[in-house]
Amino acid sequence: YKNMAAYMGTMNTKYRSRFTHVYQKSAAVRKFDFSAEQIREQLPTIEKMYAEVISRVDYNLGVLDAQTFVYLKKHLGDNFVFVGYYLEDEFVGFSAAFLFDAYLDANFIGFENRFKNSHKLYQRMLLDFLELALHKNIREVRLGRTAETIKSSLGAIPVPMKLYARHRSETASKLMRPLFTSLGPSAFELRNPFKN
């Protein structure tokens, strides 16, 4: 697809309307590509927003230190995209993604929860990931393992994954094995937004 309009043209009316609704609700939100220095300036807020999002997930294997975003931007340059979202003059969210030759790997977001529904901030971030991939002519977008129903309404399909974890201690690794083998995706409604 050449652009978002072409992508939306392949969708059922119901899902095109949802995209339009997200754009309307988030019309006042402005986004800016951050440099490493801009990320550093906003680190306390980034840390807070990221921690708030992480606190709502069912499980995680660790929390990234927000300082890592500065290092990633510094060392990966344009291959690491960090976008700041503003409502008027208030920094209300961020999204981050890695760009590789064939795919965009969108892993990190954070936002002020009070704007999640009123301005459809989370959905806007997902649409912006899609738009970036279309603009860069990237064929695969990896959106992560949470919020599966919302992501499937954008056209995402689940892909089986393997988890490998190993502790430095052999005993701890053996004790953790039953826990990791019991992990799996939660049940969700897989939506098909495309015209047949």
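Worth knowing before you read on, the calculation uses all heavy atoms, side chains too, and leaves out hydrogens, waters and symmetry mates. Remember, it's a predicted structure, so these values are computed and weren't measured experimentally.
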Take Gln42 and Phe94, measure what side chain to side chain contact (heavy atoms under 4.5 Å, CB included) needs, and give me the verdict at the end.
CA-CA 10 Å; Gln42 294 288 353; Phe94 73 87; over 6 Å; no
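- With sequence neighbours left out, the side chain to side chain contact (heavy atoms under 4.5 Å, CB included) criterion links Ala6 to Tyr1, Asn3.
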Under 3.5 Å donor-acceptor pairs involving side-chain atoms of residues 117-125, not counting sequence neighbours:
| unit_1 | atom_1 | unit_2 | atom_2 | d |
| --- | --- | --- | --- | --- |
| Ser118 | OG | Arg114 | O | 3.3 |
| Arg124 | NE | Asp128 | OD1 | 3.1 |
| Arg124 | NE | Asp128 | OD2 | 3.3 |
| Arg124 | NH1 | Ser26 | O | 3.2 |
| Arg124 | NH1 | Ser26 | OG | 3.0 |

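- In terms of heavy atoms, Met11 sits closest to Leu154 at CE-O, 3.8 Å.
- Few gaps surround NZ on Lys195; more than 12 heavy atoms of other groups in view lie less than 6.0 Å from it.
- A salt bridge does not link Lys151 to Glu148: none of the charged nitrogens lies less than 4.0 Å from a carboxylate oxygen.
- Under a cut-off of 6.0 angstrom, the local environment of CZ in Phe32 is crowded, with over 12 non-hydrogen atoms contributed by other residues, nucleotides or ligands.
- Residues Arg30 and Asp89 meet the side-chain proximity criterion, which asks for heavy atoms closer than 4.5 Å.
- No side-chain N or O of Glu170 forms a donor-acceptor pair with one of Ser173 less than 3.5 Å apart.
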- Would you please test Phe34 and Phe69 for side chain to side chain contact (heavy atoms under 4.5 Å, CB included) and show each step? CA-CA 10 Å; Phe34 274 26; Phe69 296 131; over 6 Å; no
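- You'll find the side chain of Leu99 stays beyond 4.5 Å of the side chain of Asp78, heavy atoms only.
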Which pairs of donor and acceptor atoms, one on a side chain in residues 101-113, lie under 3.5 Å apart (sequence neighbours left out)?
| unit_1 | atom_1 | unit_2 | atom_2 | d |
| --- | --- | --- | --- | --- |
| Asp105 | OD1 | Asn107 | ND2 | 3.2 |
| Glu112 | OE2 | Lys48 | NZ | 2.9 |

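- Cluster annotation: Phe194 and Met4 are assigned to the same hydrophobic cluster (Ile/Leu/Val/Met/Phe/Trp/Tyr, side-chain heavy-atom contacts under 4.5 Å, transitive).
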